[in-house]
Chemist: 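Have a look at this one before I ask anything.
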Amino acid sequence: MRNPSSNPFDLPAYPLKSARELSVSERHSVESDDERHLRCAVKRGHGRPQSHTVKGGAACVAVGILANILVGMTPGTELVSSAHAQAVPKSLEQGGADAELRQRRNAWTVGVAGGILSGTYMTFADELAQVLNDGDNLRIIPMVSNGAASNLDDLLYLRGVDVVMTQSDIFEYFRTQRKTPNLENRIHYIIRLPVSEMHVLAGTDIKSIEDLRGKKVNFGPAGSASSLTGTIVFQRLGVRVEQVMMDNATALQKLKSGELAALLRIIGKPINFLEQIPANSGLHLLPIPFSKTFTDHYTLAEFTSQEYPTLVPQGETIDTIAVPAVLAVFNWPKDTDRYRRVQKFTEALFMNWDKFSEPQRQPRWRRVNLAATVPGWTRWGFAAEMLRRTQQKDPRISELWSFLNHQGNAVMNLTQEQREALFHEFLKWQKQHNSVPRQ
């Protein structure tokens, strides 16, 4: 016979009966499994148990005490631990026919492909679910994927993928190199995400990207952002290396042992993968020079000693390049079920945008400017409508961003991070200014 105590879900399913619910035989007889045939008759009288035993008096006393406890319970009382007394989520209480449950569970699901489990994109996907999930009305399903490059491929061809995190240069590669037909009309974006910086980790004997020429460099797993963006960047720099593609944890071990000269990560800074590298590890971040060859899809960025204290010397910065990330969507026809799902997701995203700025959320959400555009991309029609509604509430926000974008060298020479910091300083000033009572 199955032991209910071995399964934590058995207790609510098989509650103990009160004394009044027990049958006569259940209340007055306990049969042991040994050959002594111990029998205990428990009688209720004046609130005190009376035991009549043949053998095993101690066992009968214990049974009598338990019986007294049960007798003292009011009808319907259940012996349930405090842990099991908590409410079960309503979504798990709902029943019905299988067909009905299946339809209800799948009606408003949206699959969001993030990236590698340890990456920022996967954190974004997970927090989209945490903020936007609304029972059967909307359910976000975060998907661990091979990375930003394969995400675009999945958005085009993999069933169940509705929204993905990817990068602007990957879109351009699919358009110009892979020559994906009609890509501009098939793939649009909802919002632009923060830039992803290019991290090149190498031994201290490697001083520059040029020093990697002819050496083994890990570009991350196939399909990751670094496997494609890293290839594009090294080609543009004219530095030919021996390309290796393996997972990042293995690559780090081989870098420490000297089997690799460097490894790449294209991801939003700072990341635990690099923060956890101890001081005096013999590793550092290489600078990547920014030039005109990168002005089409990339921007200037930097690493500081505050972000990576064990990899960047105190008080110094290291230049690198960064690429804009996007929340991309397939441009479904308006009369389709998939369109309606993503429409609901997008509306919830804009309506709950302030929740992504809460302290417990990934800090990079606060760097997102909803009005920021992505060169070469088209904003999805319903996302553009939601942006318009948002801007109507406070049009000065989008006006400031437009102003910054048209200021020429004074602003264009700032890093993307500096421009976003300036933008958020304006928002802080505006909030303080609006809180001052008018005379």
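What you are looking at is a predicted structure, and each value in this text was computed from that prediction instead of being measured.
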Chemist: So, taking the atom named CG in N248 and the one named CZ in R265, what distance separates them when rounded to the nearest 0.5 Å?
Modeler: 4.0 Å
Chemist: Within the distance-only criterion (no hydrogens, no angle test), does the side chain of R213 pair as donor or acceptor with the backbone N or O of G238 below 3.5 angstrom?
Modeler: yes
Chemist: Report yes or no: do T231 and Q243 form a side-chain donor-acceptor pair below 3.5 Å?
Modeler: yes
Chemist: Identify every side-chain donor-acceptor pair in residues 314-327 under 3.5 Å, counting partners at least two apart or on other chains, and give the distances.
Modeler:
from : atom 1 : to   : atom 2 : distance (Å)
T320 : OG1    : M198 : O      : 2.7

Chemist: Hey, what do you get for CG (L260) to CG (N218), rounding to the nearest 0.5 Å?
Modeler: 6.0 Å
Chemist: Answer with yes or no after comparing the ring centroid distance for H199 and F273 against a 6.0 Å cut-off, counting only values under it.
Modeler: no
Chemist: Please say whether the positively charged group of R236, taken as NZ for Lys or CZ for Arg, lies over the ring of F294, i.e. under 6.0 angstrom from the six-membered ring centre and within 45 degrees of the axis.
Modeler: no
Chemist: Going by atom type alone, with no hydrogens or angles, which donor-acceptor pairs under 3.5 Å involve a side-chain atom of residues 120-135 and a protein atom two or more places apart or on another chain?
Modeler:
from : atom 1 : to   : atom 2 : distance (Å)
T120 : OG1    : G268 : O      : 3.4
Y121 : OH     : Q167 : OE1    : 3.1
Y121 : OH     : S196 : OG     : 2.6
T123 : OG1    : G119 : O      : 3.4
D126 : OD2    : Q130 : NE2    : 2.7
E127 : OE1    : Q362 : N      : 3.0
E127 : OE1    : W365 : NE1    : 2.8
E127 : OE2    : Q362 : N      : 3.1
Q130 : OE1    : R361 : NH1    : 2.7
N133 : OD1    : I140 : N      : 2.6
N133 : ND2    : A129 : O      : 3.4
D134 : OD2    : N137 : ND2    : 3.4

Chemist: Flag the pair R159 and D154 as a salt bridge only when some basic side-chain nitrogen lies within less than 4.0 angstrom of an acidic carboxylate oxygen.
Modeler: no
Chemist: For the backbone of L183 and the side chain of T180, can you confirm whether one donor and one acceptor N or O come within less than 3.5 Å of each other?
Modeler: no
Chemist: Tell me whether the count of non-hydrogen atoms from other residues, nucleotides or ligands lying under 6.0 Å of CZ in R240 goes above 12.
Modeler: no
Chemist: Is the backbone of R175 close enough, under 3.5 Å, to the side chain of K179 for a donor and an acceptor to pair up by distance?
Modeler: no
Chemist: Is the gap between the ring centers of F171 and Y189 under 6.0 Å?
Modeler: no
Chemist: Using only atom types and a distance under 3.5 Å, with no angle test, would you say the side chain of R388 pairs donor to acceptor with the backbone of A383?
Modeler: no
Chemist: Report the distance from atom CG of L193 to atom CG of N369, rounding to the nearest 0.5 Å.
Modeler: 12.0 Å
Chemist: Between R338 (side chain only) and P333 (backbone N and O only), is there a donor and an acceptor less than 3.5 Å apart?
Modeler: no
Chemist: Take atom CZ of R139 as the centre, draw a 6.0 Å sphere, and report whether it contains more than 12 heavy atoms from other residues, nucleotides or ligands.
Modeler: no
Chemist: Let me check something: any side-chain donor-acceptor pairs from residues 277-292 under 3.5 Å, sequence neighbours excluded? List them with distances.
Modeler:
from : atom 1 : to   : atom 2 : distance (Å)
S281 : OG     : P278 : O      : 3.4
S281 : OG     : L283 : N      : 3.3
H284 : NE2    : G203 : O      : 3.2
H284 : NE2    : I206 : O      : 2.7

Chemist: With a 4.5 Å limit on heavy-atom distance, are the side chains of L264 and F234 in contact?
Modeler: yes
Chemist: Should R389 and L387 count as side-chain neighbours, where that means a heavy-atom distance under 4.5 Å?
Modeler: no
Chemist: Got a second to check how far N185's CG is from T378's OG1, nearest 0.5 Å?
Modeler: 7.5 Å
Chemist: Using modelled atom types and a 3.5 Å cut-off, is there a donor and acceptor pairing between side-chain atoms of T229 and backbone atoms of S226?
Modeler: no
Chemist: Indicate yes or no: does R178 engage D153 in a salt bridge with an N to O separation below 4.0 Å.
Modeler: yes
Chemist: Does a salt bridge link E358 with K355, judged by any charged N lying under 4.0 Å from a carboxylate O?
Modeler: no
Chemist: Hey, could you give me the CG/OG1 distance between L349 and T346, rounded to the nearest 0.5 Å?
Modeler: 6.5 Å
Chemist: Please determine, by modelled atom types, if S208 and E210 share a side-chain donor-acceptor pair under 3.5 angstrom.
Modeler: no
Chemist: Counting C-beta onward and ignoring hydrogens, is there a side-chain heavy-atom pair between I170 and F174 closer than 4.5 Å?
Modeler: yes
Chemist: For K216, does the NZ atom sit with more than 12 other heavy atoms under 6.0 Å from it, leaving out its own atoms?
Modeler: no
Chemist: Are any of the side-chain nitrogens in D162 or R341 under 4.0 Å away from the carboxylate oxygens of its partner?
Modeler: no
Chemist: With a 6.0 Å cut-off on ring centres, are W380 and F330 close enough?
Modeler: no
Chemist: Between CG of L228 and CD of E172, what distance do you get to the nearest 0.5 Å?
Modeler: 11.5 Å
Chemist: Okay, side chain of R192, backbone of V374: is any donor-acceptor separation there less than 3.5 Å?
Modeler: no
Chemist: Consider only side-chain N and O atoms of S145 and N151, and report whether a donor and an acceptor are under 3.5 Å apart.
Modeler: yes
